Amino acid sequence: MKKVLQIICIIILISNFSYSQNQNSEKNVIKYFDQNYNPLTQKEFENIRRTNKFLDIQGDSINHKVLLVREEQGTIQNKEILDLLLSSATNNKIDSSKPIVIIYYPGKDWWNSSGSATRGKVRKSFNEM
């Protein structure tokens, strides 16, 4: 019985080391791209991102970061379809006579990373909308 237990432990150890992922491998290095998928260095990527003209998103792989042009405004062509999509997604009836406010949070940037707002202020401004 002792021999069997030792053999099982050895097999587990060998399989554990042989199938473990190497965190320093080339596969886990994050690659950076501009909006046209041209490769950038991390420093170039961060300098462009700091201008707040671009958002960064995950690319085709978990190890890819891609710049995306930030759109400041847009219009919805067919509000009825949006109402139907929102009511089916939320299981609530959408009143088409009331305005719809979509709050999109793309992540931390210069405008929302100061940390000066308290929970009370955020709740108050959200309720005023």
Side-chain angles (χ1 to χ4, degrees):
M1 182 68 178
K2 220 177 196 184
K3 203 83 149 146
V4 173
L5 187 58
Q6 287 176 344
I7 292 173
I8 291 174
C9 287
I10 290 172
I11 290 173
I12 290 173
L13 284 173
I14 290 173
S15 64
N16 197 18
F17 285 115
S18 63
Y19 292 114
S20 67
Q21 294 179 353
N22 184 359
Q23 295 298 322
N24 296 327
S25 70
E26 181 66 30
K27 292 180 183 177
N28 294 327
V29 173
I30 296 178
K31 297 180 182 174
Y32 300 92
F33 300 94
D34 66 3
Q35 68 273 19
N36 298 320
Y37 270 91
N38 297 322
L40 297 171
T41 64
Q42 182 179 3
K43 191 171 185 174
E44 290 173 329
F45 182 87
E46 290 171 357
N47 287 339
I48 294 171
R49 174 64 182 92
R50 280 192 201 113
T51 64
N52 287 330
K53 294 178 183 175
F54 295 93
L55 297 171
D56 61 291
I57 60 168
Q58 180 179 327
D60 297 339
S61 165
I62 201 165
N63 299 325
H64 288 183
K65 286 193 171 189
V66 181
L67 291 172
L68 180 70
V69 177
R70 183 184 290 247
E71 300 274 335
E72 297 213 4
Q73 62 183 11
T75 58
I76 296 172
Q77 301 300 324
N78 195 340
K79 188 173 183 299
E80 291 80 26
I81 292 176
L82 177 66
D83 289 342
L84 286 171
L85 288 171
L86 289 174
S87 35
S88 67
T90 60
N91 294 325
N92 291 326
K93 186 174 182 327
I94 304 294
D95 187 0
S96 60
S97 65
K98 294 184 178 178
I100 296 174
V101 177
I102 299 173
I103 301 172
Y104 174 71
Y105 179 71
K108 287 208 178 273
D109 60 9
W110 187 84
W111 298 105
N112 62 11
S113 62
S114 68
S116 62
T118 63
R119 280 188 168 199
K121 287 181 183 178
V122 171
R123 188 172 291 136
K124 182 181 175 186
S125 65
F126 184 76
N127 289 335
E128 287 175 359
M129 285 195 289

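Predicted, not measured: the structure shown is a model, and the values here were computed from it.
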Subject >> Which atom of Val66 lies closest to which atom of Phe45, heavy atoms considered >> reply: C-CE1, 4.1 Å

**OP:** Mind checking the NZ-CD1 spacing from Lys79 to Ile81? Nearest 0.5 Å is all I need.
**Re:** 12.5 Å

Original post:
So how far is it from Leu84 CG to Ser96 OG, rounded to the nearest 0.5 Å?
Top reply: 10.0 Å

**OP:** Could you check if a side-chain atom of Asp83 sits within less than 4.5 angstrom of a side-chain atom of Ile100, using non-hydrogen atoms only?
**Re:** yes

**OP:** Quick one: pull up CD in Glu46 and NZ in Lys65 and give me the separation to the nearest 0.5 Å.
**Re:** 8.0 Å

Original post:
So how far is it from Asp95 CG to Ser87 OG, rounded to the nearest 0.5 Å?
Top reply: 11.5 Å

Original post:
With a 4.5 Å heavy-atom cut-off, do Ile30 and Gln42 have their side chains touching?
Top reply: no

Original post:
Who pairs with Asp34 by salt bridge (charged side-chain N to carboxylate O under 4.0 Å, His left out), at least two apart in sequence or on another chain?
Top reply: none

Subject >> Single-linkage hydrophobic cluster Ile62~Tyr37, side-chain heavy atoms < 4.5 angstrom >> reply: no

Original post:
Are Glu44 and Tyr32 side-chain neighbours, meaning at least one heavy-atom pair lies under 4.5 Å?
Top reply: no

Original post:
How many angstroms lie between atom OG1 of Thr41 and atom CG of Asn47, to the nearest 0.5 angstrom?
Top reply: 8.0 Å

Subject >> From Val4, Ile11, Ile10, residue fulfilling side chain to side chain contact (heavy atoms under 4.5 Å, CB included) relative to Ile7 >> reply: Ile11

Original post:
Roughly how far apart are Leu55 CG and Arg49 CZ, rounded to 0.5 Å?
Top reply: 5.5 Å

Original post:
Taking side chain as C-beta onward, heavy atoms only, is Leu68 less than 4.5 Å from Phe54?
Top reply: no

